[in-house]
Chemist: 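Below are the structure tokens for one structure; questions will follow.
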Amino acid sequence: MAFRNRRAAALPAKLSRSWLLVNAAKEEDFAPALACEADSVIFDMEAAVPDDKKLAARDNVVRALSNGMTAWVRVNGIDTDFWADDLAALSEAPGLRGIMLAMTEQPEQVTYSAMRLRAGTPVLALIETALGIENATSIASAPGTFRLAFGVNDFRKDTGVSDDPMALAYARGKLVIASRVGKLPGAIDGPPPAGADAAKVTEETLVTASMGMTGKLSLSPDHVDGINAALAPSEDELSWAMELLEAHAAGASVGDGSYLPRLARAQKIADLADSYGLWNE
């Protein structure tokens, strides 16, 4: 049985726009999540699961990843009683694509986590505190770190800042710069509110894109399409890129010093469109 959306399964995680979090205690939600249009799916054993249900949730995840499903998993933070057992249970799960490490504050936390998994297993460092933001550059450069993600709600609890984009701009910008310095794919932003309508999802995701972030967490499958659309090249960008590439292929002259950068930008848009399946839409 094919569990994973075929388009999403073929997309490299470095290009994933939507990252859908699924409550690991609700095993019945796994297959629908994997079949939806989310670029990446994360079985969440941390924030979504109370302590008295964490062992059952872990069993659900290991069983799913041992019987044909493939997904990322959010594990509990390194300072909890669950972290070591989470990683031990996942280390042999054949369907594990990578982990998201909750409450990442220090670079060695990523490295210690990666060392407990199969060699090469990527780690998404979820940064949710002021200390994590201030250490973002060293976390991005740590062995094992694959991408940085922003835990907005916990960061707001830690710092007392509002949900206004201006109040969160420093933290988002820090993750973007740290990702660039660490030569990582673009940072992943926090999710829209669980009950957000389509307009709110688009509004929030456009803020994500404006900050230079290239992915966004999601708490609902209903938000996935809006996130994917807002973090993909627009129709105007696709038309511009196609026209420039066609003109170049036909022998257009270089012209001025901006031509080669524009050509590189057009090729990047074309490559993304290809990866996201946009040319055929």
Side-chain angles (χ1 to χ4, degrees), residues 13 16-24 38 40-51 54 57 71-80 82-83 86 98-110 113 122-140 142 144-179 182 184-196 201 204-205 207-208 211-220 223 227 231:
S16 287
R17 301 158 294 178
S18 52
W19 292 79
L20 177 62
L21 289 156
V22 182
N23 188 331
S40 287
V41 174
I42 306 170
F43 295 159
D44 184 6
M45 303 195 304
E46 194 246 355
V49 183
D51 285 0
K54 285 190 185 291
W72 292 71
V73 179
R74 172 152 72 163
V75 300
N76 292 279
I78 197 168
D79 293 328
T80 69
F82 303 100
W83 170 79
D86 285 349
I99 67 162
M100 170 181 276
L101 180 63
M103 289 293 174
T104 306
E105 293 186 319
Q106 303 287 352
E108 57 267 24
Q109 294 173 339
V110 175
S113 297
V123 178
L124 293 176
L126 183 63
I127 296 179
E128 308 179 74
T129 63
L131 180 57
I133 289 294
E134 285 304 283
N135 287 336
T137 302
S138 57
I139 292 169
T145 303
F146 175 65
R147 285 176 81 168
L148 303 181
F150 188 23
V152 174
N153 291 332
D154 279 312
F155 176 77
R156 289 183 57 213
K157 291 176 186 176
D158 185 47
T159 60
V161 304
S162 76
D163 62 355
D164 187 287
M166 183 65 72
L168 294 167
Y170 171 79
R172 286 184 169 122
K174 181 83 171 182
L175 295 180
V176 169
I177 298 302
S179 296
L184 303 180
I188 301 166
D189 201 3
V201 171
E204 290 217 349
T205 310
V207 171
T208 298
M211 291 299 303
M213 306 177 95
T214 61
K216 193 168 184 68
L217 300 176
S218 174
L219 301 175
S220 169
H223 296 167
I227 291 172
L231 291 178

Chemist: Assess, by modelled atom type and distance only, whether the side chains of R17 and T208 contain a donor and an acceptor separated by less than 3.5 Å.
Modeler: no
Chemist: Could you measure the distance from the CG atom of L231 to the CE atom of M213? Nearest 0.5 Å is fine.
Modeler: 10.0 Å
Chemist: Please report the interatomic distance CD(Q109) to CG(N135), rounded to the nearest 0.5 Å.
Modeler: 9.0 Å
Chemist: Take D44 and V49 through the test side chain to side chain contact (heavy atoms under 4.5 Å, CB included) and record every step on the way to the result.
Modeler: CA-CA 8 Å; D44 184 6; V49 183; 5.8 Å; no
Chemist: Of all residues at least two apart in sequence or in a different chain, which pass the salt bridge (charged side-chain N to carboxylate O under 4.0 Å, His left out) check with D189?
Modeler: R172, K216
Chemist: So how far is it from S40 OG to L20 CG, rounded to the nearest 0.5 Å?
Modeler: 10.0 Å
Chemist: Of all the heavy-atom pairs spanning A136 and L148, show the shortest one and how long it is.
Modeler: O-CD1, 4.1 Å
Chemist: Of all the heavy-atom pairs spanning I227 and S218, show the shortest one and how long it is.
Modeler: CD1-CB, 3.8 Å
Chemist: Has H223 got a side-chain atom pairing as donor or acceptor with A196's backbone, closer than 3.5 angstrom?
Modeler: yes
Chemist: Measure across G77 and T80 and return the closest heavy-atom pair with its distance rounded to 0.1 Å.
Modeler: O-OG1, 2.7 Å
Chemist: Let me confirm one number: the CG-CG distance from L219 to L21, rounded to the nearest 0.5 Å.
Modeler: 6.0 Å
Chemist: Below 4.5 Å, heavy atoms only, C-beta onward: do E204 and P193 meet side chain to side chain?
Modeler: yes
Chemist: Where is the tightest heavy-atom contact between W72 and I99, given as atom of each residue plus distance?
Modeler: CE3-N, 3.6 Å
Chemist: Give me the atom names and distance for the closest heavy-atom approach of M211 to A169.
Modeler: CE-O, 3.4 Å
Chemist: Sequence neighbours left out, what passes side-chain hydrogen bond (donor to acceptor under 3.5 Å, both in side chains) with E134? Give chain and number order.
Modeler: Y170
Chemist: Looking at R147 and L124, would you say the former's side chain and the latter's main chain have a donor-acceptor pair under 3.5 Å?
Modeler: no
Chemist: Taking all non-hydrogen atoms of both residues into account, name the closest pair between I42 and R74 and its distance.
Modeler: CG2-N, 3.4 Å
Chemist: Can you check side chain to side chain contact (heavy atoms under 4.5 Å, CB included) on I127 and F155, steps first, answer last?
Modeler: CA-CA 8 Å; I127 296 179; F155 176 77; over 6 Å; no
Chemist: Looking at residues at least two apart in the chain, or sitting in another chain, which of them share a ring pair (Phe, Tyr, Trp, His ring centres under 6.0 Å) with F82?
Modeler: none
Chemist: Could you check L175 against I133 for side chain to side chain contact (heavy atoms under 4.5 Å, CB included), going step by step and ending with a plain yes or no?
Modeler: CA-CA 7 Å; L175 295 180; I133 289 294; 3.9 Å; yes
Chemist: Please report the interatomic distance CZ(F150) to CG(L168), rounded to the nearest 0.5 Å.
Modeler: 5.0 Å
Chemist: Can you tell me how far CD1 of I139 sits from OG1 of T104, rounded to the nearest 0.5 angstrom?
Modeler: 6.0 Å
Chemist: Working note: D79 + M103, criterion side chain to side chain contact (heavy atoms under 4.5 Å, CB included); need CA distance, chi angles, decisive distance, verdict.
Modeler: CA-CA 9 Å; D79 293 328; M103 289 293 174; over 6 Å; no
